[in-house]
Amino acid sequence: QQEDTSAKIQVFLGVFVGVLLRWLYGIVVDVIKGGPWNFGNLSIIIARLVIALIVTVFVFSGYWGKVKDQSWSMRFLNSLVYGFSIDALVGPWMY
């Protein structure tokens, strides 16, 4: 039971970090294009964190069933990439 709980936390954090990494990736691309490091004001940062949590909660339950039988390293890597790709779908609706 404890292993199952820690694996769920691992997948949840992997998806959440993946969503946040996609946001940071967008900022880095803007910097490479010659723009400033602009994370937005505090309300934008809080909104991104809240939306990342909401997206993570919604996709977690469906995704957990797919990765629960994988090894811990593959489970985390897959959930990280899944979070990144989910934010690529959801991110454009936020601007």
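Positions are given from 1 along the sequence.
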side-chain contact (heavy atoms from CB on, under 4.5 Å) evaluation trace for V28 with W37: CA-CA 8 Å; V28 169; W37 284 95; 3.9 Å; yes

Working to the nearest 0.5 Å, report the span between [atom1] of [X] and [atom2] of [Y].
X: L20; Y: R48; atom1: CG; atom2: CZ; result: 8.0 Å
X: K8; Y: L13; atom1: NZ; atom2: CG; result: 14.0 Å
X: I86; Y: T56; atom1: CD1; atom2: OG1; result: 9.5 Å
X: I9; Y: F16; atom1: CD1; atom2: CZ; result: 14.5 Å
X: L89; Y: F84; atom1: CG; atom2: CZ; result: 11.5 Å

Does [X] belong to the same Ile/Leu/Val/Met/Phe/Trp/Tyr cluster as [Y], with side-chain heavy atoms less than 4.5 Å apart forming each link?
X: L80; Y: W72; answer: no
X: V59; Y: V57; answer: yes
X: L24; Y: I45; answer: yes
X: V55; Y: I27; answer: yes
X: I46; Y: V19; answer: no

For S71, side chain to side chain contact (heavy atoms under 4.5 Å, CB included) partners two or more places apart: S73, M74

State, yes or no, whether a side-chain contact exists between L49 and L53 at a heavy-atom distance under 4.5 Å. no

Would you say that V11 contacts V67 through its side chain, given a criterion of any heavy-atom pair below 4.5 Å between the two side chains? yes

Minimal heavy-atom distance between W23 and D87, with the atoms involved, is N-OD2, 4.0 Å

When every non-hydrogen atom of V15 is compared with those of Y82, the smallest separation belongs to CG2-CD2, 4.4 Å

Evaluate I44 against F39 for side-chain contact (heavy atoms from CB on, under 4.5 Å), listing each step before the verdict. CA-CA 8 Å; I44 297 292; F39 292 95; over 6 Å; no

Sub-3.5 Å donor-acceptor pair from the side chain of Q10 to the main-chain atoms of R75, do we have one? no

